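Per chain, numbering begins at 1; letters A, B, ... match sequence-line order. The structure presented is a predicted model; accordingly, all values stated were derived computationally and were not measured. Atom set for the values below is all heavy atoms of this structure, side chains included, hydrogens, waters and symmetry mates excluded.
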There are 2 protein chains.
Amino acid sequence: MRFSKTTEYAIRVMIYLSQHNTQRLSVQSLHKILRIPYKYLARLMRQLAHAGLVTVTQGKEGGYSLNRELNSIYLYQIVGVIEGLDSMDRCILGFSECNDAFPCSLHTSWEPLRSRIKEMMYNTTLLELQQQGEKI
Amino acid sequence: MRFSKTTEYAIRVMIYLSQHNTQRLSVQSLHKILRIPYKYLARLMRQLAHAGLVTVTQGKEGGYSLNRELNSIYLYQIVGVIEGLDSMDRCILGFSECNDAFPCSLHTSWEPLRSRIKEMMYNTTLLELQQQGEKI
DNA sequence: CATTATTACCACCTTTCGGTAGTAATATAA
DNA sequence: TTATATTACTACCGAAAGGTGGTAATAATG
């Protein structure tokens with residue numbers, strides 16, 4: 001019951017970028033600060049850029065920064081890039097046929113929770129997260 | 001944001017056993033009915049037996065059945081066998097230092113959801129699940 | 001123009017998860 | 001007591017996730 005490590009990385013980077021919104025940050029510096037493996041992070045950043053969540057500038061002095069306003073980048077979008085959006089609609093037991101009319105045994109217990117999680121991800125932007133001001 | 005496939009298997013098997021509580025079921029039959037890979041399921045059943053969730057009888061006519069009353073086997077125990085109990089207390093971003101006093105940026109958003117999920121797993125027994133009477 | 005700091009790209013490596021195969025041990029039943 | 005249906009155990013296989021290394025392309029700056 002968790003995000004993949006890559007999704008954790010993605011969220012952490014996006015939050016960090018939102019806390020340093022005006023700057024352009026290199027993979028090197030993000031790697032050092034967030035302690036995410038350099039090459040792996042480099043690939044991840046390209047993926048986020050490809051998905052349009054960040055902009056990238058090549059060459060010396062280049063790097064990454066957010067592509068849009070903080071309040072227009074939603075948590076579900078970040079998760080969606082890595083795990084796919086359907087990960088948030090999935091039956092907890094993995095049955096593709098599971099729905100309210102033909103529920104699996106866990107459906108009644110899980111559905112309200114699933115829907116709250118989804119709601120949270122669809123309502124939370126980087127602005128809210130940035131305003132939380134992590135202490136960690 | 002999901003259980004591992006193995007955890008899904010484990011829950012499905014336990015629910016099936018609870019629906020056929022009096023019987024002793026072989027891996028062969030469970031495999032055919034639930035369409036879980038035979039040898040993989042065999043190993044999983046041994047794991048569940050080792051954890052004390054099911055009892056096993058060897059030899060011809062042998063097989064598995066629940067070890068305890070339906071209302072004394074909790075969902076968290078099944079998940080715990082496969083993913084470990086700490087999976088339900090884990091910070092959503094993977095920070096071991098994350099807590100209410102020193103939260104990560106997602107903590108405030110995630111904590112209420114995490115705690116509801118945990119609550120559900122600690123309050124749900126096979127009895128409730130069996131009574132759901134899945135249509136799938 | 002040469003140097004340097006960066007991203008881009010590609011191939012590979014390692015670990016974990018899911019899955020398979022074969023053989024030994026066990027117990028029932030004919 | 002022999003055949004058979006089961007679990008037990010161990011080793012291996014394959015795919016996916018996570019991680020590394022090297023080199024080319026790009027662009028700023030001296």
field: Any residue meeting ring pair (Phe, Tyr, Trp, His ring centres under 6.0 Å) with Tyr16(A), in chain and number order, not counting sequence neighbours
entry: His20(A)
query: For the side chain of Asn67(B) and the backbone of Thr55(B), is there at least one donor-acceptor N/O pair under 3.5 Å apart?
result: no
- prompt: Is there a donor-acceptor pair under 3.5 Å between the side chain of Ser26(B) and the backbone N or O of Gly63(B)?
  reply: no
query: Looking at Ser109(B) and Leu129(A), what are the two nearest heavy atoms and their distance?
result: OG-CD2, 4.2 Å
task: Using atom CD of Gln47(B) as one end and atom P of dC9(D) as the other, report the distance to the nearest whole Å.
output: 13 Å
Going by atom type alone, with no hydrogens or angles, which donor-acceptor pairs under 3.5 Å involve a side-chain atom of residues 69-80 of chain B and a protein atom two or more places apart or on another chain?
| residue | atom | partner | partner atom | Å |
| --- | --- | --- | --- | --- |
| Ser72(B) | OG | Glu69(B) | O | 2.9 |
| Gln77(B) | OE1 | Arg68(B) | NH2 | 3.0 |
| Gln77(B) | OE1 | Tyr74(B) | N | 2.8 |

task: Rounded off to whole Å, could you give me the CG-to-P distance for the Leu34(B) and dG19(C) pair?
output: 14 Å
query: Under 3.5 Å, is there a donor-acceptor pair linking the side chains of Gln132(B) and Ser105(A)?
result: no
query: To the nearest Å, how far apart are His50(A) NE2 and dT7(C) C1'?
result: 15 Å
statement: Residue pairs meeting salt bridge (Lys or Arg N to Asp or Glu O under 4.0 Å), one or both in residues 57-66 of chain B, sequence neighbours left out, come to none
- line: Between its two end axes (five pairs each) the helix from dC1(C)-dG30(D) to dA30(C)-dT1(D) turns, nearest 10 degrees, through 10°
message: In this structure, how many angstroms lie between the C1' atom of dG18(C) and the CZ atom of Arg35(B), rounded?
response: 19 Å
Rounded distance (Å) that lies between atom P of dT26(D) and atom CD of Glu61(A): 19 Å
Nucleic acid contacts of residues 17-29 of chain B, taken as heavy-atom distances under 4.0 Å to DNA chain C: none
- request: Could you state whether Phe102(B) and Leu106(B) fall into the same hydrophobic cluster, counting links through intermediate Ile, Leu, Val, Met, Phe, Trp or Tyr residues with side-chain heavy atoms under 4.5 angstrom apart?
  value: no
- prompt: In whole Å, what is the span from the CD1 atom of Ile36(B) to the P atom of dT20(C)?
  reply: 12 Å
statement: Residue set satisfying ring pair (Phe, Tyr, Trp, His ring centres under 6.0 Å) with His107(A), at least two apart, ordered chain then number -> none
- request: Looking only at non-hydrogen atoms, find the nearest pair between Glu128(B) and Asn123(B) and report the distance.
  value: OE1-O, 3.5 Å
Atom of Ser18(A), atom of Leu66(A) and distance for their closest heavy-atom approach: CA-CD1, 3.6 Å
- prompt: Separation of Leu41(B) atom CG from dT6(D) atom P, in whole Å?
  reply: 14 Å
Listed partners of Glu8(A) passing salt bridge (Lys or Arg N to Asp or Glu O under 4.0 Å), at least two apart: Arg2(A), Arg90(B)
message: Do Tyr38(B) and Val13(B) land in one hydrophobic cluster if side-chain heavy atoms of ILVMFWY residues count as linked below 4.5 Å?
response: yes
query: Between residues 2-13 of chain A and DNA chain C, which residues have a heavy-atom gap below 4.0 Å?
result: none
Under 3.5 Å between N/O atoms: give me all the protein pairs with nucleotides 21-27 of chain C, atom names plus distance.
| residue | atom | partner | partner atom | Å |
| --- | --- | --- | --- | --- |
| dG22(C) | N7 | Lys39(B) | NZ | 3.2 |
| dG22(C) | O6 | Lys39(B) | NZ | 2.4 |
| dT26(C) | O4' | Gln58(B) | OE1 | 3.1 |

query: How many Å lie between NE2 on His31(B) and P on dT6(D), as a whole number?
result: 13 Å
Expected list for residues 39-47 of chain A: side-chain donor-acceptor pairs under 3.5 angstrom, two or more places apart:
| residue | atom | partner | partner atom | Å |
| --- | --- | --- | --- | --- |
| Tyr40(A) | OH | Thr6(A) | OG1 | 2.8 |

- request: Please list all pairs passing the salt bridge (Lys or Arg N to Asp or Glu O under 4.0 Å) test where one or both residues lie in residues 76-89 of chain A, with sequence neighbours left out.
  value: Asp89(A)-Arg114(A), Asp89(A)-Lys118(A)
- prompt: Can you find a side chain N or O atom of Tyr40(A) that sits less than 4.0 Å from OP1 or OP2 on dT15(C)?
  reply: no
message: Whether the side chain of Thr124(B) engages the backbone of Met121(B) through a donor-acceptor N/O pair (distance < 3.5 Å, no angle test) should be reported.
response: no
- prompt: Heavy atoms under 4.0 Å, any strand shown: does Tyr38(A) hit a base, just sugar-phosphate, or nothing?
  reply: base
Sub-4.0 Å heavy-atom contacts from residues 82-96 of chain B onto DNA chain D, ordered by number: none
